[in-house]
There are 2 protein chains.
Amino acid sequence: MTAPMDAILAGIAARAAAARAYLAADDFLDRITPPSLREAASAYLQRGGKGLRPAVVLLACGAAGGREEWALAAAAAAEVTHNWTLIHDDVLDRDEQRRGAPTVHAWGAAQAEEVGLAPAEARHYGVALAILGGDVGPSWAAHLLARLPENGVTSAADAFALATSLAATTVPAILTGEAEDVELSRAPLDDVTLERVEGMLARKTGALYAWCAAAGATLAGASYDIILKLKEFALLCGTAFQHVDDTLPFVSDEARLGKPAASDLREGKRTAVILGAWARASAPERVFIARTLGRGDAPPAELAELKELLCRRGGVAFARARAGEYYERAQGILAAAPPGEARELLAGWAEYMLTRDR
Amino acid sequence: MTAPMDAILAGIAARAAAARAYLAADDFLDRITPPSLREAASAYLQRGGKGLRPAVVLLACGAAGGREEWALAAAAAAEVTHNWTLIHDDVLDRDEQRRGAPTVHAWGAAQAEEVGLAPAEARHYGVALAILGGDVGPSWAAHLLARLPENGVTSAADAFALATSLAATTVPAILTGEAEDVELSRAPLDDVTLERVEGMLARKTGALYAWCAAAGATLAGASYDIILKLKEFALLCGTAFQHVDDTLPFVSDEARLGKPAASDLREGKRTAVILGAWARASAPERVFIARTLGRGDAPPAELAELKELLCRRGGVAFARARAGEYYERAQGILAAAPPGEARELLAGWAEYMLTRDR
């Protein structure tokens, strides 16, 4: 059913590039001063990224019978939304690297140290810059969605409905998912069920993909039934994607990931990898897992041992299997959508979401 | 022209209460979990607050010939917007108290310490909770503004325009003002002009008041000319208000303020108080000011000496005089609006903005 992977990748890259070009021609950032704030708000976008969310907006629009350019402003808004949630999430997760360069808060701190601030003051400045830089994001997305009617096709009512659903429904779901992620990291492992973890993943990651597909289909003028089907498809793919994402630190190296592989373990993230291994671990292994997971100051050797143990007890295989189940359900839903090149590309996008290694 | 101050205060309090009642009956927060995130997003609102922004929305609607209840959702959105910017601003300013109780990040840290986290981990958890709790705000405001047409009068087009202007114009102005505030705190005092400080204040504080007045007038169906006049009036009052706010730590005690009086001095805020005193200070006094201002670890005795010096060199008087000039210009603009009870209350609101002591 799907095209060869290199054609899929080229198809995704072309959509990501189109959304990026739309963003580059937009003037919103011009009103943001001082320059450090503008830089903070847009740094990750300058570094590329896979552009999977804008791609699904455009592909869903095409698959639902629309012209992809009608959805460009929504694709750009999806990328901007993902971007600002990353900026804040990197503070929450204390990640220092993103896309092969310093995270916004780490970059801000380095800048402040350069002009002579003491390390603690510099770190505070970095966090302040990341908070404000992220806060620019919802504004930027609102600006972009207000531009939708410029395409000559979208009504103001549809633009308003999409802006409201992104801001008032999707973003709260993402934030709820992130807060649950933080809270679960502190929960005893025996209390953490797969259902809770997958609910959290669906909100943290799936919700924005669901909005992307629904937005693309809405802008194509699709029927309510098609909109809901594509939305469900993307929600499942987004959740599968996060399962796969959680396995990458175990199978890929830091250079490919663009961030430290042990970050999730240090933060004590409760992923399907952890749950899968926990279920199969012996009593002494469980003691070791509970003691080491979430210890910010765990020595690298212990983290390496933890990583190895989680793989050995089938954690990575379990998470991949869960991702595979979500993928199967997603492809089943897509098969009910009208056939055509865009549907094939969307199916290929789903396949890429499952098989990517970075 | 204005009513007695107790009538003015009662008028403002009634509007603030109406907006609060609208918020209390709204169901947005129900979709926010876990409970800690819901609590973080709404804690300050539970503590009251003066409700000056919702009051100006409703009074501007009345002054422009509308019925105040048409603007309730916009008044609630203004309060929610102020609320989330406070949550993030408190992290930036490292304030521990707000409205007589712990700030969100301080409260989160205390909760985390109670369940056994080490102090540094607990502080990080508190900041994470404040980031996510604040991030809920723009979503909440978008939800409220989408409800405007429920009043049976406001068109979806007007609601969309107000939501877009709040998110895409007003909020970026606030964030730009806050970032300028942080940046100015680190600038050499000789480089800081009154023009830069007042531009920053107009964005940080004036912009939201300007939106409030414009929203109220728009929802009344006022002419473009009236909308612009009321907007300019509120921008000037908001800037005057911030000048007055910056003098309060010098003339009011902490119990009345609900926050530590020395916070601005420790953060090195460049206010009109500082500029006024700096201009009149002797060379040795300037050395002392430059050395002590912005020193996070300055001993209380030195901060007390700095406070006393800034007053003695006319800093507070200078800031109050600047506020007075803004107030005069604002009242001059208001005199051009149609006369009536709402205009009188709005004039009284402006007077309160200038004379309040907490």
Side-chain angles (χ1 to χ4, degrees), chain A residues 28 31-34 36-37 40-41 84-85 88 91-94 112 115 117-118 120-121 124-125 127-146 156-157 159-161 163-164 166-176 178-180 182-183 186 203 296, chain B residues 28 31-34 36-37 40-41 84-85 88-89 91-94 112 115 117-118 120-121 124-125 127-146 156-157 159-161 163-164 166-176 178-180 182-183 186 296:
Chain A
F28 175 83
R31 73 185 72 160
I32 305 295
T33 58
S36 57
L37 182 60
W84 78 257
T85 61
H88 282 182
V91 178
L92 269 57
D93 294 346
R94 287 176 278 202
V115 300
L117 262 68
E121 285 298 301
H124 177 74
Y125 175 81
V127 168
L129 193 65
I131 290 176
L132 293 176
D135 285 347
V136 168
S139 291
W140 197 355
H143 160 86
L144 290 163
L145 294 173
F160 189 27
T164 300
L166 178 63
T169 305
T170 306
V171 169
I174 297 171
L175 297 173
T176 288
E178 286 178 0
E180 288 170 340
V182 170
E183 202 171 79
R186 286 165 178 76
R203 284 181 279 276
Chain B
F28 175 82
R31 73 184 74 161
I32 305 296
T33 57
S36 56
L37 181 61
W84 78 257
T85 62
H88 283 181
D89 216 26
V91 178
L92 268 57
D93 293 347
R94 287 175 279 202
V115 299
L117 260 68
E121 284 299 301
H124 176 74
Y125 175 81
V127 168
L129 193 65
I131 291 176
L132 293 177
D135 285 347
V136 168
S139 291
W140 198 355
H143 160 86
L144 290 163
L145 293 173
F160 188 27
T164 300
L166 178 64
T169 305
T170 305
V171 169
I174 297 171
L175 298 173
T176 288
E178 286 179 359
E180 287 171 342
V182 171
E183 201 172 80
R186 285 164 179 78

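Chain letters run A, B, ... following the sequence lines, proteins first and then strands; every chain starts at 1. Values below: all heavy atoms of this structure, side chains included; hydrogens, waters and symmetry mates excluded.
- Note: Ala159(B) leads Gly134(B), Ala157(B), Ala142(B), Ala159(B) in heavy-atom pairs under 4.5 Å with chain A.
- Ala41(B) does not touch chain A: none of its heavy atoms, backbone or side chain, sits under 4.5 Å away.
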- prompt: Given the rule in the side chain to side chain contact (heavy atoms under 4.5 Å, CB included) test, do Thr169(A) and Arg31(B) qualify, once you have shown the distances and angles that lead to the verdict?
  reply: CA-CA 9 Å; Thr169(A) 305; Arg31(B) 73 184 74 161; 3.7 Å; yes

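- Considering CG of Leu92(A) and CG of Leu132(B), their distance stands at 4.5 Å, rounded to 0.5 Å.
- Ala163(A) and Phe160(B) get closest at one heavy-atom pair: CB-CE1, 4.4 Å.
- For Val182(A), the part sitting under 4.5 Å from any heavy atom of chain B is the side chain, from C-beta outward, and nothing else.
- For Glu183(A), the part sitting under 4.5 Å from any heavy atom of chain B is the side chain, from C-beta outward, and nothing else.
- If you tally non-hydrogen atom pairs under 4.5 Å between each of Val171(A), Thr164(A), Leu37(A) and chain B, the highest count goes to Leu37(A).
- Contacts between Ala141(A) and chain B at a heavy-atom distance below 4.5 Å are absent for every atom of the residue.
- For Ala112(B), the side-chain contact (heavy atoms from CB on, under 4.5 Å) partners are Leu117(B), Ala122(B), Tyr125(B), not counting sequence neighbours.
- Between Thr85(A) and Asp135(B) the shortest side-chain heavy-atom distance does not fall below 4.5 Å.
- Here Ile131(B) is the residue among Ile131(B), Thr170(B), Leu145(B), Leu144(B) with the most heavy-atom pairs under 4.5 Å with chain A.
- Qualifying side chain to side chain donor-acceptor pair (under 3.5 Å) partners for Thr33(A), counting only residues two or more places apart in sequence or in other chains: Glu180(B).
- Here the side chain of Ser139(B) pairs a donor or acceptor atom with the backbone of Ala167(A) at under 3.5 angstrom.
- Among Asp93(A), Thr176(A), Ile174(A), the residue making the largest number of heavy-atom pairs under 4.5 Å with chain B is Thr176(A).
- Taking CD from Glu121(A) and CZ from Arg186(B), the interatomic distance works out to 6.5 Å, rounded to the nearest 0.5 Å.
- In terms of heavy atoms, Phe28(A) sits closest to Ala168(B) at CE1-O, 3.6 Å.
- Interface summary for chain B: among Ala179(A), Ala156(A), Ser36(A), Gly296(A), the most heavy-atom pairs under 4.5 angstrom belong to Ala179(A).
- For the set Val91(B), Val127(B), Leu129(B), the count of heavy-atom pairs under 4.5 angstrom toward chain A peaks at Val91(B).
- Neither the backbone nor the side chain of Trp140(B) comes within contact range of chain A; no heavy atom of the residue lies under 4.5 Å from a heavy atom of that chain.
- Interface check for chain B: of the options His88(A), Arg203(A), His143(A), the most heavy-atom pairs under 4.5 Å are formed by His88(A).
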